[in-house]
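Labels below follow one simple rule: chain letters A, B, ... track the order of the sequence lines, proteins then strands, and each chain is numbered from 1.
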Number of protein chains: 2
Amino acid sequence: MKTGAGKTGRPISFDKDAALEAAMLLFWERGFEGTSMADLTQAMGLNPSSIYAAFGDKHALFQLAVKRYLASRAQYAVKALEEPTLEGVIRALFDNTVAFLTTPGHPPTCMTLAGAMGCSVDAAPARDLMTEIRRQNEVAIRERLRRAQKSGEFAKDINADDFTRYLSLMLAGLSIQSANGATKAELRRAAQMALRHMGY
Amino acid sequence: MKTGAGKTGRPISFDKDAALEAAMLLFWERGFEGTSMADLTQAMGLNPSSIYAAFGDKHALFQLAVKRYLASRAQYAVKALEEPTLEGVIRALFDNTVAFLTTPGHPPTCMTLAGAMGCSVDAAPARDLMTEIRRQNEVAIRERLRRAQKSGEFAKDINADDFTRYLSLMLAGLSIQSANGATKAELRRAAQMALRHMGY
DNA sequence: GTACATCTGTAATAAGTGCTACGGAATACA
DNA sequence: TGTATTCCGTAGCACTTATTACAGATGTAC
């Protein structure tokens, strides 16, 4: 009963993209464990069998939702790292994060933090996926810093590893602040304070 | 069938303190939603009826566990605020946090972050409690900063509100870093970097 | 020892969990 | 039109969830 690539037969009658978007938003808000398949059927407007046929089981659906999140919402970090100067990178990292967290239409915090922190052993794979993504983000930052060191833009006697963790720590902190209910202006001032203390 | 304060009759036959400690550690690791009553009966070594008689339902037990957590594990923040000088306060805030996060015998992150971020509507009260505690922590920091401003130790033209959020942001960030798997030495260097950037 | 109050363990409750079997509806291709 | 193939909706699966009813055990107070 494999499906999804039928050459013939009845074609799918719903918007797969829209359904996945709805699933992503729900997972984002309630986390893996806090989102039930019943919740998903309602939010996606689909029957269980349609979901399972199109996306697989709950874990697979979560992975697809996360993938969509990374591709459509979390690109602000990648974009920031593409800034030509290091100062531009760091400024963009903070500015984009604040802009992202305060964009209406989705939860006020990062999906990798709301998705699954403390959870049951059944949900451990989802939690580990979230952790892995956070670490990957750090890898990208670290590589950008190394590049800046090679080009002479960033002092070589500063440990890129440590500075990466320091940056990552503050970006995650902004997300928690946002979850706490901080306003856009408040987040912006916090980010400015961080930048000023770093010398920007 | 109310219980717990029986003047006569059979007395409780288990260590209530030890049972609550076990519950607290499990909630800390798995969060409110990721911890089932079945998990709790096993970890606490009690039957469901004993748990319900002694602590109430799951929400009540969670509240008691959080209370215990705050009283027994999260005092490091309160202690830090009692330092006589502002520099002492801020240094202690970071040092104690790192020490706390890396203490063996409990999860590597803060309970208010692992307890419930994204969750179902049923678990929303637990999530709101976690948020409330995080905000209360900020209130305490802010008041300490105001006190330092009055005594002239802290510049009055700095917005205490903003600086509080900035500090809180970094402490939460350390907790996330710890959850990511950062070592004690790595956390310590990150904290040192933060302190240095602030001028300490 | 007797009466009473409470606890303990088992077993069961109703509702919710993720997931699937199945029959019928709908479409593509000949 | 006929046939193959796929999708859709319902209804149900076995299991887990939090919670409680009940019966017997175990203690205190007299």
Side-chain angles (χ1 to χ4, degrees), chain A residues 1-20 22-23 26-27 30-65 116 118-126, chain B residues 1-20 22-23 26-27 30-65 116 118-126:
Chain A
M1 283 292 180
K2 283 252 183 81
T3 178
K7 289 188 191 176
T8 178
R10 181 179 176 180
I12 220 171
S13 71
F14 59 89
D15 186 340
K16 212 170 159 180
D17 232 47
L20 187 53
L26 207 60
F27 276 130
R30 305 187 182 178
F32 176 80
E33 208 151 38
T35 309
S36 72
M37 290 305 296
D39 295 336
L40 288 165
T41 57
Q42 193 186 344
M44 301 168 80
L46 298 178
N47 303 316
S49 44
S50 297
I51 297 179
Y52 279 85
F55 305 105
D57 69 3
K58 192 186 176 186
H59 280 281
L61 176 58
F62 183 70
Q63 287 185 349
L64 289 171
C119 67
S120 73
V121 286
D122 284 356
Chain B
M1 284 291 177
K2 283 250 183 82
T3 179
K7 289 188 192 176
T8 178
R10 181 178 177 181
I12 220 172
S13 71
F14 59 89
D15 186 341
K16 212 170 157 180
D17 232 48
L20 187 53
L26 207 60
F27 276 130
R30 305 188 183 177
F32 176 80
E33 207 151 39
T35 309
S36 72
M37 290 304 296
D39 294 337
L40 289 165
T41 57
Q42 193 186 343
M44 300 167 81
L46 298 178
N47 304 314
S49 43
S50 297
I51 297 179
Y52 278 85
F55 305 105
D57 68 3
K58 192 186 177 186
H59 280 280
L61 176 58
F62 183 70
Q63 287 185 350
L64 289 171
C119 67
S120 73
V121 286
D122 284 356

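- Counting all heavy atoms, side chain and backbone alike, B/Asp39 lies closest to B/Gly34 at OD2-O, 3.9 Å.
- Using a distance-only test at 3.5 Å, with no hydrogens or angles considered, no donor-acceptor pair links the side chain of B/Ser50 to the main chain of B/Leu46.
- Counting any heavy atom pair closer than 4.0 Å across all strands shown, B/Thr35 reaches sugar-phosphate atoms only and no base atom.
- Taking the side chain of A/Met37 as heavy atoms from C-beta on, and the options C/dG9, C/dG18, D/dT20, the nearest nucleotide is C/dG18.
- Protein atom CD of B/Gln42 is 15 Å distant from nucleotide atom C1' of D/dT16, rounded to whole Å.
- A/Glu33 places a side-chain N or O within donor-acceptor distance of the main-chain N or O of A/Ser120, the cut-off being under 3.5 Å.
- One atom, CZ of B/Arg10, and another, P of D/dT26, lie 6 Å apart when rounded to the nearest Å.
- Atoms CG (B/Asp57) and P (D/dT20) sit 8 Å apart, rounded to a whole Å.
- Contacts of B/Pro11 with the nucleic acid, taken as non-hydrogen atoms under 4.0 Å apart, involve only primed sugar atoms and P, OP1 or OP2.
- Nucleotide D/dT10 holds its P atom 13 Å from the CG atom of A/Leu46, rounded to whole Å.
- The CD atom of B/Glu33 sits 12 Å away from the C1' atom of C/dG16 (whole-angstrom rounding).
- As a whole-Å value, the separation of B/Asn47 CG from D/dT20 C1' is 13 Å.
- At least one cation-pi condition fails for B/Lys58 and B/Phe27: the charged atom is not both under 6.0 angstrom from the six-membered ring centre and inside a 45 degree cone around its axis.
- If you measure from atom CG of A/Asp122 to atom P of C/dG18, you get 11 Å, rounded to the nearest angstrom.
- If you find the closest nucleotide of DNA chain C to A/Asp39 and to B/Ile12, the one lying nearer the 5' end belongs to B/Ile12.
- Residue contacts for B/Ser49: at a heavy-atom cut-off of 4.0 Å it reaches a base atom on one of the strands shown.
- The nearest heavy atom of DNA chain D to A/Pro48 and to B/Phe32 marks one nucleotide each, and the one closer to the 5' end goes with A/Pro48.
- When the C1' atom of C/dT20 is taken as reference, atom CD1 of A/Ile51 falls 13 Å away, rounded to whole Å.
- Within the 4.0 angstrom heavy-atom criterion, only backbone atoms of the sugar-phosphate kind lie near B/Ser13; the bases stay farther away.
- Using modelled atom types, one side-chain atom of A/Asp15 and one backbone atom of A/Ala18 make a donor-acceptor pair closer than 3.5 Å.
- When the nucleotides D/dT17, C/dG18, D/dC8 are ranked by their closest atom to the side chain of A/Lys58, C/dG18 comes out on top.
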